[in-house]
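Beneath this line is the structure, given in structure tokens, with notes to follow.
Quick caveat, the model's predicted, so the values are computed rather than measured. Just so it is clear, the values below take in all heavy atoms, side chains as well, and ignore hydrogens, waters and symmetry mates. Proteins come first, then strands; the chains are lettered A, B, ... in the order of their sequence lines, and each starts at number 1.
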Protein chains: 2
Amino acid sequence: MPDTILDRCKQNGLRMTGQRKIIAQVLDLAKDHPAVEELHARAHAQDSKISLATVYRTVKTLEACGILEKVEFRDGRARYEAAGRAHHDHLIDVDTGKVIEFVDPEIEALQDKIATKLGYRLTGHRLELFGVKITSE
Amino acid sequence: MPDTILDRCKQNGLRMTGQRKIIAQVLDLAKDHPAVEELHARAHAQDSKISLATVYRTVKTLEACGILEKVEFRDGRARYEAAGRAHHDHLIDVDTGKVIEFVDPEIEALQDKIATKLGYRLTGHRLELFGVKITSE
DNA sequence: GTAGTTGCAAATCATTTGCCCGGTC
DNA sequence: GACCGGGCAAATGATTTGCAACTAC
């Protein structure tokens, strides 16, 4: 079982204030991909003293530490997810906005192969598939 | 040789004003992926009467017509490229910001297969690889 | 004790829009 | 000539920042 966000913050020597603890917990519990505004709403529910600016500052700090990864879908808002988990990609339901995570070893290998062929070593990648549910019509 | 942006605008029954002609030409000549601000700079160089708002309105119109596709890299600015060309993906040089386009039939097929396995029919996709140039060290 | 954090409000940045004028079909 | 498109400046939405008060280490 991987460390919690809180653990990883401590490992990075971050000063753990009350608001950071709450934000870390919200992130740990989030099974979806909440935008910053949504993170703030959840954190604010635990402690009404947490400001939106603090949430923005915190996710930015955690991203800089490599604890979070920023993902941007098509709605102009940034979302964050825990980094360092097994790599995975996203399939986005264009009707509902629902995000489905998946991993496919074949496609991972292919991405590396392509980059190498082009003379590059990958430092990151992002694959987003947009689609509609197949209905048995 | 595919139609020019101007041709495709006419085919879509768009009213071709002077500013739209210039913007279409700038887009045809662009071999890179200029952000809107940059498109405006180039168009403005041809006719100093073209406003930024017009460029925004024009790219949005062309996107709605399926003439352009919006691509968003990691700097928060929207970029556009001609749609309807052969599908391709992007490799972004993390040191220089340079964008390399590539196509790989294997990865295209795999994307479809994965979506189908998950119960979806693809309506769009985006693959961005971030990497550093391999130097013969 | 002190440097790192926070809240609040004002500032930025990219993008959009209202309004009224001008040009295209 | 009607209607769409354009310029300008003000509005918007997401995110950032200056500053003074606060707090974890």
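Between the C1' atom of D:dA21 and the CD atom of A:Gln19 lies a distance of 13 Å, rounded to the nearest Å. As a whole-Å value, the separation of B:Arg57 CZ from D:dA11 C1' is 13 Å. Rounded to a whole Å, the CG atom of B:Asp75 is 9 Å from the P atom of C:dA14. Residue A:Ile50 contributes atom CD1, which lies 14 Å from atom P of D:dT23 at whole-angstrom precision. Rounded to an integer number of Å, the gap from B:Lys21 NZ to C:dC25 C1' is 12 Å. Protein atom CG of B:Leu14 is 13 Å distant from nucleotide atom C1' of C:dC25, rounded to whole Å. B:Tyr56 has its OH atom 13 Å from the C1' atom of D:dT12, to the nearest Å. The CZ atom of A:Arg77 sits 18 Å away from the P atom of D:dT12 (whole-angstrom rounding).
For A:Asp32, the side chain to side chain donor-acceptor pair (under 3.5 Å) test picks out A:Arg42, with sequence neighbours left out.
In terms of heavy-atom proximity, A:Val36 sits nearest to A:Tyr80 at CG2-CE1, 3.8 Å. Residues B:Leu39 and B:Pro34 come closest through the heavy atom pair CD2-CG, 3.6 Å. Pairing each heavy atom of B:His40 with each of B:Leu52, the nearest pair is NE2-N, 3.3 Å. Annotation for A:His33 and A:Val71: closest pair CD2-CG2, 4.2 Å, computed over non-hydrogen atoms. Residues A:Ala83 and A:Gly66 approach most closely at CB-O, 3.4 Å, considering heavy atoms.
Proximity of A:Lys49 to the phosphate of C:dT6: no side-chain N or O atom is located under 4.0 Å from OP1 or OP2. In this model, the phosphate group of C:dT6 is approached by a side-chain N or O of A:Thr17 to a distance below 4.0 Å at OP1 or OP2.
If you find the closest nucleotide of DNA chain C to B:Lys60 and to A:Arg20, the one lying nearer the 5' end belongs to A:Arg20. Residue whose closest nucleotide on DNA chain C sits further toward the 5' end, between A:Thr54 and B:Met16: A:Thr54.
Base-pairing analysis of DNA chain C finds the following stems of at least three consecutive Watson-Crick or G-U pairs, with both pairing distances under 3.5 Å: C:1-25 with D:1-25.
If you run side-chain contact (heavy atoms from CB on, under 4.5 Å) between B:Glu72 and each of B:Glu128, B:Arg77, B:Arg126, only B:Arg126 comes through.
In this structure, A:Ala35 reaches neither bases nor backbone, as no heavy-atom distance under 4.0 Å exists between it and the strands shown.
Looking at B:Glu81 and B:His88, their side chains do bring a donor and an acceptor atom within 3.5 Å of each other.
Contacts of residues 36-44 of chain A with DNA chain C (heavy atom under 4.0 Å): none.
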